Asks: 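Starting off with a structure, shown below.
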Amino acid sequence: MAALKSEFLHTLQTRGFIHQVTDIDALDAKMASEPITAYIGFDCTGESLHVGSLVQIMMLRWLQKCGHKPIVLLGGGTTRIGDPSGKDESRKMLTDADIEKNMASIGNIFEQFLGFGLSSSDAKLVNNGDWLDTLNYIDLLRDIGPHFTINRMMTFDSVKLRLEREQPLTFLEFNYMILQAYDFRELAIRKNCSLQMGGSDQWGNIVNGMELARRMDGKNLFGLTTPLITTADGKKMGKTEAGAVWLNEKTLPAYDYWQFWRNTQDADVGRFLRLFTDLPLTEIARLEILAGQEINEAKIILADAATTMCRGETAAVSAKATATQTFVQGGAGVDLPTLHIDLTDLENGINVLELFAKAGLGSSKGEIRRLIKGGGAKINDEKVENEAVMIRSDAMIDGHIKLSAGKKRHALIKLK
């Protein structure tokens, strides 16, 4: 591939964001000569996005930093149906009130990463319910339906995988790709949007939108996807023993978010610094070659930068201080995940298996039993010897009980 002229595509290429692009030479020339508008869509199935969406968010951030206009498209309409991409089963149907609540919560996340306002490169938050909710079904079938064939739709991975696994694919979900294509066309008309970006599983949907706009309006649009991000051991990015790594504070405390990045595997440090921070490539090149204990410096820089970007500098500084107090000084930092319980329950005694489970330090009692057997369960830094131990109020030190699951997961027990 020839050297890219546009700052945005060059940045994406050198940082490892690009998987597929439609007509990259034409897109590069366009972006080098003028600012463009691009979008990524996010459905609102929960109150928060998780780090699996962070690559897409960072692309919008770089788009804006390079002088172009990002659109965050929230799926107020499409969330009512559900995207089958990468799913083994149908999503649970949400009420309109649930979707509105989720949209408001997710919208707040983007304010940490993007600048919103009225200037030409300021980000714009758009709800596809604005046009999808008013569609007339007969008109949609007549005007849009002829541009899609069942034959082609059956070739998309999102459809094939569900059918191959003999999982049901509802008619509603089957129509999702039509509505996403319609979104691209609408944004091209309403906002002069010429580029849709997304994960690799969205390639077929993106191409559908391009084709629809070309056939109906003669518009020349572009698509760009990112690779699936996995960790060095082949696991999907963003999954931990405790579950998904959420982007908002309500769903995941800043300390846990900081600790997730601090626990990055050595082999992933350089790649994650390029993808998930704004640090210069020269600085990243210095950090990623550190070895032994020195690589921890790079991990802390990654955790600081990623947490500052998502939660703010104050939260990052506090999370780092808690980690230092917990791991280096052997204390119990104030930002550790905390479980509040009644004094009566503590006076009566709570079994160690139940307490660790309530504190989120094990997904099941079986897992906690194995933790105890392996010597990884600790109370106030003292090893738990057997699963029959009862924890009572006399275990409190300075108003809390510190629970530890291995070296990296901790929680505090405090009274309500």
Side-chain angles (χ1 to χ4, degrees), residues 8-9 12 18-24 26-27 30-31 34-44 53 55-57 59-60 63-64 68-86 103 110 123-135 139-149 152-153 155-159 172-226:
F8 175 66
L9 289 179
L12 292 197
I18 297 179
H19 178 57
Q20 293 172 294
V21 189
T22 61
D23 199 349
I24 190 169
L27 178 60
K30 183 178 179 67
M31 297 190 80
E34 63 185 26
I36 72 160
T37 298
Y39 91 96
I40 300 178
F42 301 87
D43 274 343
C44 308
S53 298
V55 169
Q56 323 310 326
I57 296 173
M59 279 203 300
L60 291 174
L63 184 82
Q64 186 171 46
H68 303 282
K69 187 177 187 68
I71 290 179
V72 177
L73 182 68
L74 297 182
T78 43
T79 303
R80 298 167 73 181
I81 293 176
D83 181 3
S85 300
M103 273 201 299
F110 288 95
K124 183 79 173 174
L125 204 64
V126 179
N127 172 13
N128 65 9
D130 291 347
W131 53 83
L132 295 182
D133 288 353
T134 58
L135 279 179
D139 290 344
L140 179 70
L141 289 178
R142 182 194 63 201
D143 298 337
I144 309 300
H147 299 290
F148 293 84
T149 66
R152 188 178 183 199
M153 293 165 79
T155 67
F156 293 146
D157 287 342
S158 58
V159 174
L172 276 176
E173 293 173 293
F174 196 64
N175 276 270
Y176 184 96
M177 60 188 76
I178 296 177
L179 296 184
Q180 185 168 329
Y182 190 81
D183 282 346
F184 199 179
R185 178 184 177 240
E186 280 292 314
L187 287 173
I189 295 170
R190 292 171 180 242
K191 307 292 183 183
N192 194 30
C193 181
S194 55
L195 170 65
Q196 182 183 356
M197 302 184 292
S200 57
D201 61 339
Q202 296 300 314
W203 180 252
N205 290 334
I206 291 172
V207 171
N208 271 343
M210 293 169 52
E211 285 294 301
L212 182 64
R214 182 183 62 79
R215 292 174 183 175
M216 296 189 71
D217 312 305
K219 288 185 175 293
N220 184 31
L221 305 180
F222 301 91
L224 184 155
T225 64
T226 58

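Just so it is clear, the model here is predicted, and its values are computed rather than measured.
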Asks: To the closest 0.5 Å, what do you measure between CG (Leu224) and CG (Leu195)?
Replies: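 Going from the CG atom of Leu224 to the CG atom of Leu195 covers 6.0 Å.
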Asks: Would you find a donor on one side and an acceptor on the other, under 3.5 Å apart, between the side chain of Thr79 and the backbone of Asp43?
Replies: no
Asks: So which atom in His147 and which in Arg215 form the shortest heavy-atom distance, rounded to 0.1 Å?
Replies: O-NH1, 2.8 Å
Asks: Quick one, Asn192 with Thr37, criterion side chain to side chain donor-acceptor pair (under 3.5 Å). Give me CA distance, side-chain angles, the key distance, then yes/no.
Replies: CA-CA 7 Å; Asn192 194 30; Thr37 298; 5.8 Å; no
Asks: Apply side-chain contact (heavy atoms from CB on, under 4.5 Å) to Arg152 and Asn208, showing your working.
Replies: CA-CA 10 Å; Arg152 188 178 183 199; Asn208 271 343; 3.8 Å; yes
Asks: Are Phe184 and Leu73 side-chain neighbours, meaning at least one heavy-atom pair lies under 4.5 Å?
Replies: no
Asks: Looking only at non-hydrogen atoms, find the nearest pair between Leu63 and Ala38 and report the distance.
Replies: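 So the minimum-distance heavy-atom pair works out to CD2-CB, 3.7 Å.
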Asks: For a quick test of reading the model, state the closest non-hydrogen atom pair linking Gln56 to Ile40 and the distance between them.
Replies: O-CD1, 3.2 Å
Asks: For Tyr39 versus Gln180, what's the shortest heavy-atom pair and its separation?
Replies: OH-O, 4.0 Å
Asks: Check whether any side-chain heavy atom of Tyr182 lies under 4.5 Å from a side-chain heavy atom of Leu135, and answer yes or no.
Replies: yes
Asks: Sequence neighbours left out, what pairs pass salt bridge (charged side-chain N to carboxylate O under 4.0 Å, His left out) with at least one residue falling in residues 187-198?
Replies: Glu186-Arg190
Asks: Which of these, Thr78, Asn205, Asn128, sits in a side chain to side chain donor-acceptor pair (under 3.5 Å) with Asp183?
Replies: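 Only match with Asp183 under side chain to side chain donor-acceptor pair (under 3.5 Å): Asn128.
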Asks: Which distance, rounded to the nearest 0.5 Å, do you find between the OG1 of Thr226 and the CG of Leu12?
Replies: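 Here the rounded value is 9.5 Å.
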Asks: What's the spacing between Lys124 NZ and Cys193 SG if we round to 0.5 Å?
Replies: 13.5 Å
Asks: Is Met197 close to Leu60 at the side-chain level, that is, under 4.5 Å between some pair of heavy atoms?
Replies: yes
Asks: With rounding to the nearest 0.5 angstrom, report the NE2 to OG distance, His68 to Ser194.
Replies: 9.5 Å
Asks: Under the ring-ring contact (aromatic ring centres under 6.0 Å, His included) test, which residues partner Phe222, sequence neighbours left out?
Replies: none
Asks: Report the distance from atom CE of Met177 to atom CD of Gln202, rounding to the nearest 0.5 Å.
Replies: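 Going from the CE atom of Met177 to the CD atom of Gln202 covers 10.0 Å.
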Asks: Considering non-hydrogen atoms only, spot the tightest contact between Thr22 and Leu221 and give its length.
Replies: OG1-O, 4.4 Å
Asks: Can you see which heavy atom on Thr225 is nearest to which on Ser200, and at what distance?
Replies: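 Heavy atoms only, the tightest pair is CB-CA, 3.9 Å.
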Asks: To the nearest 0.5 Å, tell me how far Ile24 CD1 sits from Leu9 CG.
Replies: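 Reported to 0.5 Å precision, the distance equals 5.5 Å.
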